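Computed from a prediction, not measured in an experiment: that's the story for all the values here.
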Amino acid sequence: MQSATRLIRSTMQERYEPSVLEPQAQAFWDGNGSFAVAEDPSRPKYYCLCMFPYPSGRLHMGHVRNYTIGDVITRYMRMQGYNVLQPMGWDAFGLPAENAAMANGVPPAKWTYDNIAYMKRQLKSLGFGIDWSREVATCKPDYYRWNQWLFLRMLEKGIAYRKTGTVNWDPVDQTVLANEQVIDGRGWRSGALVEKREIPMYYLGITKYADDLLGALDDMPGWPERVRLMQENWIGRSEGLEIEFDVEGGGTLGIYTTRPDTLLGVTYMAVAAEHPLAQRAAQDNPDLQQFIAECQRNGVTEAALETMEKRGMPLGIHAIHPISGERIPVWVANFVLMGYGTGAVMAVPAHDQRDYEFARRYGLRIHQVVRPADGSLARIDEEAYLEHGTLINSGQFDGLDFDEAFDAFAKLFEAQGRVPDGSGNPLGKDAKFLECQCPKCGKPARRETDTMDTFVDSSWYYFRYASANNDGAMVDERARYWMPVDQYIGGIEHAILHLLYSRFWTRVMRELGLTQVEEPFANLLTQGMVLNQIYFRKPAEGRIVYYNPADVDVVLDDKGAPVGAVLRADGQPVEASGIGTMSKSKNNGVDPQSLVETYGADTARLFMMFAAPPEQSLEWSDEGVEGAFRFMKRLWKAVHQHVQGGSSAAALDRAALSPAQRDIRRQVHETLRKITHDIGTRRTFNTAIAAVMELMNALAKFDDRSSQGRAVMQEALEIVVLGLAPVVPHACHALWRELGHAGAVIDERWPQVDTAALVRDAIEVVVQVNGKLRGRVTVAAGADEATVREAALADVGVLRYIEGKPIRKFVYVRGKLANVVV
RNA sequence: GCCGGGAUGGCGGAACUGGUAGACGCACCGGACUCAAAAUCCGGCGAGCUAAUCACUCGUGAGGGUUCGAUUCCCUCUCCCGGCACCA
């Protein structure tokens, strides 16, 4: 073993060549199955999960940042002795595959699997420590069959149910559109005017869990405050009831309200101009026709909405109040949006400011049904009373508070959930597909053609990683070992929907006995976006042209401050419009592949972790990448020079060190203490890396060829290599061997701080006079306040400011600072 | 409009619990090496004042407050970013 080590040492490359050493390290991990993990009850587990990507074709910088953060945590926790699972998979159902199929005639499946293969190679080239034996692709039957299986269990339990609901219908594409796919009332792809349609579809009763989902947020310290707030607002906002009012002369009018407690205060109803009821009433009423036309003309631009006054007209139709039986006039109003909810609202002017203003304008009745809980009387003669309070003038419901009233009305109307899962389906026309056998009785049956939304796939994939390749069950006992996820990492854009659905899904699975955990993700880290400069030219006519920052040179003034930019190709100026998210439309993306090819994966990883803390946005900088690469070269050279310095270093003799050796050793262990805290607790990888750079700068000046000097250097470099191993694993894999170790750095433990090395003989105390820095004194480490005071008052810099003045106060912060107040 | 976050050198950022503001990196400037350039190494680098790298003054978006001491806590304001938005 010793001779083998010598051989490696003698052949150590002087040059840092990532293109050679990175594939070697990756081959080592692959060959040894370093990242394939098995359940091991004897060791503490750690489940580190990154949001899986849609296989769009290539990784983008956002992915690289996301997965680098996850990989650093994974490798760090592994060095801390945990049994760490880091899986990866593919959120593989989506419209891009269909669009690509229509555009290029490539079958969606082939397109998807080709993309997966390519992106998997990219992930491997970045050195992520992933257990690929657990890979999941949601487009494969062995994954989505469990969606269907769980859905049937949900039907049995009544968590899923079928009900008629209003949807956005695209008449050209013959499909249902999500709200975000409707742009200015038109289908995003077909451009056709979207219709509201009542179709039967499946609902998932997430509202049944709303209280629990909301309440549990208070007990989730591992989640960022702002994500919890966003979920709180979202759940609170969408918690309401659907109530149907009968319409005189036939039909019903469905509305949705978050204030069912004010139900008895309804004095009119309002519908959108496009609402069928309004359309019908307008047929033989020219005034109404004109008003409706006006409403529609006003459009939905923001400016119009801001300035538009609230206007309306009675339809001459009445609805019947479901409790009181009263006749309620139905109005058409320009502030009711057809695109939101049912396109109709119940109006409670006493307790809604908008309804109040409308009622005042048109002389409609205002009927108070809520008063403050403290018993005082709210005045509603000038504005609506908006707070939750106690019900009055509501017959049998008088005296109830908001929650009690909500529950009482909910029971009365058997409130239903509001998470539609349906989408349109061309499968309904395919007889071969439709005809099937009932799996229970064997008789001919009609196959269900409604499909589930893709959010279902991502709501439980983390369970499947933990139960990978089980043909017989959705999840198995292995999930009990791994769940919950200890650290989840992904983009803030999923702060609400994906994370909320996952929490909902976990509760459903718990109710079905599939898991014991209540919350799927113990700790959540939302990484910031990756930004870059945006450059463009706006021709006199035609469209703006964006130029990639890589093709642009920045012009500097003589102080180095940027004053302009020119396109390298023609030397002519381009305009800069600040920085923004890397995107195709702004042509400011940087391809991870070319970055890895030019500088190596370690440089890419180092730059990403160093340029900003993980939660903040990260500004791209080619010069910053160069800087990271320079550091890699310096690190490599430092180890190379040390190893070249002679045969293996003598054992460290702590008692025999010179003051300079003790100093450098103290700095080594101070750095180790800091990076342990920064990586392990604070997750501020940027400051950890900065601390190591600082240490390397000090080590470069520490030129001590003595036996103990080399021993100190050996220890320092080992700590540096171990400490950087999570961030730049390829280089550290090689350097660890160069430092004389037969084992692989991936199997090493995180080093221990030698607290004895941290002890100082003397400390420097900063001395202020009236809070201004005036001097510094050096005292023995254990000096008491009196000693420090004596030294401080004798300092020449201090004396200048206190001479002849009485000392009013002396403040001493142990070991750091003294303040003399005169 | 509502909710949340932020503003620190030419730039990205650091300062962890109220205690030396500007760590680390980039850019820039000077020097060494070189015929020269690149690379590398060494040094400088908030502003003002100054012959000066001494000293001093100012300085963390603006104004005020609390404190021996404020980038950090409190109040008011400006701007920027994110989320939601006639949301029923």
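- If you check rU20(B) for Watson-Crick or wobble pairing at under 3.5 angstrom, you find it has no partner at all.
- Looking at Thr603(A) and Pro18(A), their side chains never come closer than 4.5 Å, going by heavy atoms from C-beta outward.
- Nearest nucleotide to the Arg354(A) side chain, out of rC41(B), rA88(B), rG13(B): rA88(B).
- Between the P atom of rC81(B) and the CD1 atom of Ile534(A) lies a distance of 12 Å, rounded to the nearest Å.
- Map Met230(A) and Asp355(A) each onto its nearest nucleotide of RNA chain B; the residue landing nearer the 5' end is Met230(A).
- Among the nucleotides rC41(B), rC16(B), rG13(B), the one closest to any side-chain atom of Lys637(A) is rC41(B).
- Met346(A) has its side chain out of reach of Ile328(A): every pair of non-hydrogen atoms, C-beta onward, lies at least 4.5 Å apart.
- The P atoms of rG13(B) and rA23(B) are separated by 15 Å, rounded to the nearest whole Å.
- Looking at heavy-atom distances under 4.0 Å, Glu225(A) makes no contact with the nucleic acid at all.
- Atoms CE (Met609(A)) and P (rG13(B)) sit 15 Å apart, rounded to a whole Å.
- For the OP1/OP2 pair of rC56(B) and a distance below 4.0 Å, the side-chain nitrogens and oxygens of Arg800(A) include at least one atom meeting the criterion.
- Here the CZ-CG distance, from Arg226(A) to Asn233(A), works out to 13.5 Å after rounding to the nearest 0.5 Å.
- With rC16(B), rC26(B), rG43(B) as the candidates, the nucleotide lying closest to the side chain of Lys701(A) is rG43(B).
- A salt bridge is absent between Arg360(A) and Glu357(A); no separation between the charged side-chain nitrogens and carboxylate oxygens falls under 4.0 Å.
- Pairing of rU66(B), defined by two Watson-Crick or G-U wobble distances under 3.5 Å, is not identified with any nucleotide.
- A distance of about 25 Å separates the P atoms of rG63(B) and rC56(B), rounded to the whole Å.
- When the P atom is used for both rU53(B) and rG44(B), the distance is 13 Å, rounded to whole Å.
- Remark: Arg682(A) is in phosphate contact with rA15(B), judged by side-chain N or O atoms under 4.0 Å from OP1 or OP2.
- For rG9(B), the base adopts the syn conformation, since its glycosidic angle falls within 90 degrees of zero.
- Taking atom CH2 on Trp234(A) and atom C1' on rA85(B), their separation rounds to 12 Å, with Å as the unit.
- A close approach under 4.0 Å does occur between a side-chain nitrogen or oxygen of Asn697(A) and OP1 or OP2 of rG25(B).
- A donor and an acceptor atom never sit less than 3.5 Å apart when one is taken from the side chain of Arg630(A) and the other from the base of rU40(B).
- The same atom, P, is picked in rG46(B) and in rA55(B); the two are 15 Å apart, to the nearest Å.
- In this structure, CD1 of Ile689(A) is placed 14 Å from C1' of rA14(B), rounded to the nearest angstrom.
- Here the nucleotide nearest the side chain of Ala690(A), chosen from rC68(B), rU20(B), rA23(B), is rA23(B).
- With a cut-off of 3.5 Å on both pairing distances, the Watson-Crick or G-U wobble partner of rC56(B) is rG48(B).
- Look at rG82(B): its Watson-Crick or wobble partner, with both distances under 3.5 angstrom, is rC3(B).
- rG48(B) sits 23 Å from rA27(B) when the C1' atoms are compared, rounded to a whole Å.
- Of the candidates rG19(B), rC58(B), rC24(B), the closest approach to any side-chain atom of Lys772(A) belongs to rC58(B).
- Gln353(A) places none of its side-chain heavy atoms less than 4.5 Å from the side chain of Tyr385(A).
- The side-chain contact (heavy atoms from CB on, under 4.5 Å) check on Ala333(A) picks up Ala270(A), Phe335(A), Val336(A), Phe358(A), with sequence neighbours excluded.
- Taking atom P on both nucleotides, rA14(B) is separated from rC24(B) by 14 Å, rounded to a whole Å.
- Remark: C1' of rC24(B) and CD of Gln667(A) are 13 Å apart, rounded to the nearest angstrom.
- Put simply, CG on Leu635(A) is 17 Å from P on rC24(B), counting in whole angstrom units.
- When heavy atoms are screened at a 4.0 angstrom cut-off, Leu817(A) is found touching base atoms of the nucleic acid.
- Taking atom P in both rA52(B) and rC45(B), the straight-line distance is 15 Å, to the nearest Å.
- When the side-chain nitrogen and oxygen atoms of Arg774(A) are compared with OP1 and OP2 of rA55(B), none of them lie within a distance under 4.0 Å.
- Taking the side chain of Thr257(A) as heavy atoms from C-beta on, and the options rA88(B), rG12(B), rU20(B), the nearest nucleotide is rA88(B).
- Residue Tyr801(A) is classed as a sugar-phosphate contact, given heavy-atom separations below 4.0 Å to backbone atoms only.
- Protein atom NZ of Lys633(A) is 7 Å distant from nucleotide atom C1' of rA39(B), rounded to whole Å.
- Regarding contacts with the backbone of rG83(B), every side-chain N or O of Asn233(A) stays at 4.0 angstrom or more from both OP1 and OP2.
- If you check every strand for non-hydrogen atoms under 4.0 Å, Arg634(A) touches sugar and phosphate atoms only.
- Residue Asp622(A) holds its CG atom at 6.5 Å from OH of Tyr599(A), rounded to the nearest 0.5 Å.
- Backbone-only engagement by Glu619(A) is indicated by non-hydrogen atom pairs under 4.0 Å involving sugar-phosphate atoms exclusively.
- When each of Phe629(A), Tyr16(A), Phe631(A) is tested with Trp636(A) by the rule ring-ring contact (aromatic ring centres under 6.0 Å, His included), just one qualifies, namely Tyr16(A).
- Residue Lys809(A) contributes atom NZ, which lies 9 Å from atom P of rG69(B) at whole-angstrom precision.
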For this session: Under the side chain to side chain donor-acceptor pair (under 3.5 Å) rule, what do Ser583(A) and Ser585(A) come out as? Steps first, then yes or no, please.
Result: CA-CA 5 Å; Ser583(A) 73; Ser585(A) 62; 3.3 Å; yes
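- Place Ala628(A) and Val336(A) on RNA chain B by their nearest nucleotides, and Ala628(A) ends up nearer the 5' end.
- For rU71(B), there is no paired nucleotide, since no Watson-Crick or G-U wobble pair has both relevant distances below 3.5 Å.
- Closest contact between the side chain of Thr258(A) and the listed nucleotides rG13(B), rA88(B), rU20(B) involves rA88(B).
- Minimum atom distance to the side chain of Gln616(A) is reached by rA14(B), of the listed rG83(B), rA14(B), rC24(B).
- Taking every side-chain heavy atom of Lys816(A) into account, rG19(B) is the closest of rG19(B), rA55(B), rA88(B).
- In this entry rC35(B) has no Watson-Crick or G-U wobble partner, no candidate having both defining distances under 3.5 Å.
- The partner of rC26(B) is rG10(B), by the rule that a Watson-Crick or G-U pair needs both atom distances under 3.5 Å.
- Among the protein residues, Asp678(A) comes within range of no part of the nucleic acid, since none of its heavy atoms lies under 4.0 Å from any strand.
- Of the listed nucleotides (rG12(B), rC68(B), rG19(B)), rC68(B) has the atom at the smallest distance from the side chain of Val821(A).
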